[in-house]
Number of protein chains: 2
Amino acid sequence: MATEPTTARGRATRARILQAASELIFRNGVGAVRLDDVEAAAGVGRSQLYHYFTDRDDLVRAVVHATIDTVLAMQKPRYATLDSLLRIDEWFESIIANGIRPEGVGGCAIGLLAAQLSEHDHVTRQAFLDAFTRWEAPLIEGLSRMQQRGELAVGADVVELADLTMAAIQGGLLLAHVRRSPHQIRLALQGARAALLASTASSARPDDMSGASAGDLSP
Amino acid sequence: MATEPTTARGRATRARILQAASELIFRNGVGAVRLDDVEAAAGVGRSQLYHYFTDRDDLVRAVVHATIDTVLAMQKPRYATLDSLLRIDEWFESIIANGIRPEGVGGCAIGLLAAQLSEHDHVTRQAFLDAFTRWEAPLIEGLSRMQQRGELAVGADVVELADLTMAAIQGGLLLAHVRRSPHQIRLALQGARAALLASTASSARPDDMSGASAGDLSP
DNA sequence: GCAATTTTGTACTCAAAGATACAATCACGA
DNA sequence: TCGTGATTGTATCTTTGAGTACAAAATTGC
């Protein structure tokens, strides 16, 4: 049975295992990572793994949760204030910057995991749902505030704008990952920006279709 | 060694294996699919697998190529004429429709595979690169024609607009997959549409920043 | 119809990797 | 210092699933 570490050393060991497993999984994919690899990378023995995690699946689940927390924590500082186009642009910049890592370009850790594991089990799937919801919550709130201040067209659906932005982020990071080009993220975010801009109160004109309210694509 | 089937029966068997493997992989992910499962689903014996494919990796590679061909072929009919907003809208509609399958909502088969395998080996990665390039080629061409006809701002970069659109498609399908909601695809494509619209000649005004040309997000 | 080739069925081998056993060592509090 | 529990090292067991062997059946070409 998995034991929660009580001492500082134990916590450090558990953290090292998690760290090593996360990196390996991010690099090579969930299926390609052997427990031996994790051991070697973390500098621990087999017994440690089974001391802190019940089995391989438990470790993977822990990696998922840790990854989600890490990624969301990285966004945190920018989060409080996404209530202006300038702040949102800054946020976008941080996402672009985070997409360029020493171990490779692009690829949202959450998105990559989600693509691999969202069908795995119900609990894990729910974790991803929560992650995306938590991720976009500050944007929804910021957009709402902009709308209240009259900086966003009253007809705009802020939730839909946020969803659309999340899709752009994920798609941009995926393409950047495959193409190994951070430029893809930038372009994708430009798309989201255009959609947001189209809902900006100042540029919302009734005579064009720039408003990104739902229905444009309805059959 | 893998043998190419020469008879009709052989081709049918090989096709059945490929079909079964593709569905299982799409459903459960590459790592979770055992050869036993493929056998059972395809109704063949172990010997058939190794008659038509050298090993598991060879089968997976074949699935990748077959999936790419299938997905691109589905887009083909719409491809010839993506040179107006109307045609592009129709194209979007077909993508939304394809995202709703009996076996689950959303999830571009190519995108999901790419997330799992783009790091696997160089050849497979190249296959994904080619796939995305082939996928967006008709859009680039269509947009170019629109630009030549003056329906798109002369300053717009059609390649970037196409890249941005691809990111929206992929992100939308990924979110739709996780959230099990086809609406996510629609929203994402609305975002791409807004970006395209912003570059439409008629709505391109020098006094706003709607033009999706590069540089908006540059530091 | 018959030989040659292709296709298929079943049983088996074997290595890899997950999981376990258990003793040794360490760290902290009394 | 001593004892207890937490932590770690090593060796071993077990299961899974990829890959192989080989013969039977079906199909094709002559």
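Chain naming here is simple, since letters A, B, ... match the order of the sequence lines and numbering starts at 1 in each.
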Could you tell me how far apart [X] ([atom1]) and [N] ([atom2]) are, to the nearest whole angstrom?
X: A:L35; N: C:dA19; atom1: CG; atom2: C1'; value: 9 Å
X: A:F53; N: D:dT8; atom1: CZ; atom2: P; value: 12 Å
X: B:L49; N: D:dG17; atom1: CG; atom2: P; value: 15 Å
X: B:Q48; N: D:dA24; atom1: CD; atom2: P; value: 17 Å
X: B:D58; N: D:dG19; atom1: CG; atom2: C1'; value: 14 Å
X: B:R56; N: D:dA18; atom1: CZ; atom2: P; value: 6 Å
X: A:R34; N: D:dG17; atom1: CZ; atom2: P; value: 12 Å
X: A:H51; N: C:dT20; atom1: NE2; atom2: P; value: 15 Å

Sugar-phosphate, base or nothing in reach of B:T6, heavy atoms under 4.0 Å: sugar-phosphate
Among [options], the nucleotide that comes nearest once only the side chain of [X] is considered:
X: B:R9; options: D:dT7, C:dG18, C:dT8; answer: C:dT8
X: A:Y50; options: D:dT28, D:dG19, C:dG18; answer: C:dG18
X: A:T7; options: C:dT6, D:dT7, D:dT8; answer: D:dT7
X: A:P5; options: C:dT7, C:dA17, D:dT7; answer: D:dT7
X: B:Y52; options: D:dA21, C:dT7, D:dA18; answer: C:dT7
X: A:R46; options: C:dT8, C:dA19, D:dA18; answer: C:dA19

Heavy-atom donor-acceptor pair, B:Q48 side chain to B:G45 backbone, under 3.5 Å: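 Side chain of B:Q48 to backbone of B:G45, a donor-acceptor pair under 3.5 Å: yes, one is there.
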Side chain to side chain, A:H120 and A:V30, heavy atoms closer than 4.5 Å: no
Identified side chain to side chain donor-acceptor pair (under 3.5 Å) counterpart of B:E160 within the set A:Q190, A:R186, A:H183: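 Going through the options one by one, the only one that passes is A:H183.
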Under 3.5 Å side-chain donor-acceptor pair for A:D163 and B:Q184: yes
Position toward the 5' end of DNA chain C (nearest nucleotide), B:A8 or A:V33: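 Its nearest nucleotide lies further toward 5', so the answer is B:A8.
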OP1 or OP2 of D:dT8 under 4.0 Å from side-chain N/O of A:T13: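 Yes, because at least one side-chain N or O of A:T13 sits under 4.0 Å from OP1 or OP2 of D:dT8.
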Chi angles and distances behind the salt bridge (Lys or Arg N to Asp or Glu O under 4.0 Å) call for A:E119, B:R180: CA-CA 11 Å; A:E119 302 300 284; B:R180 299 225 202 286; 3.2 Å; yes
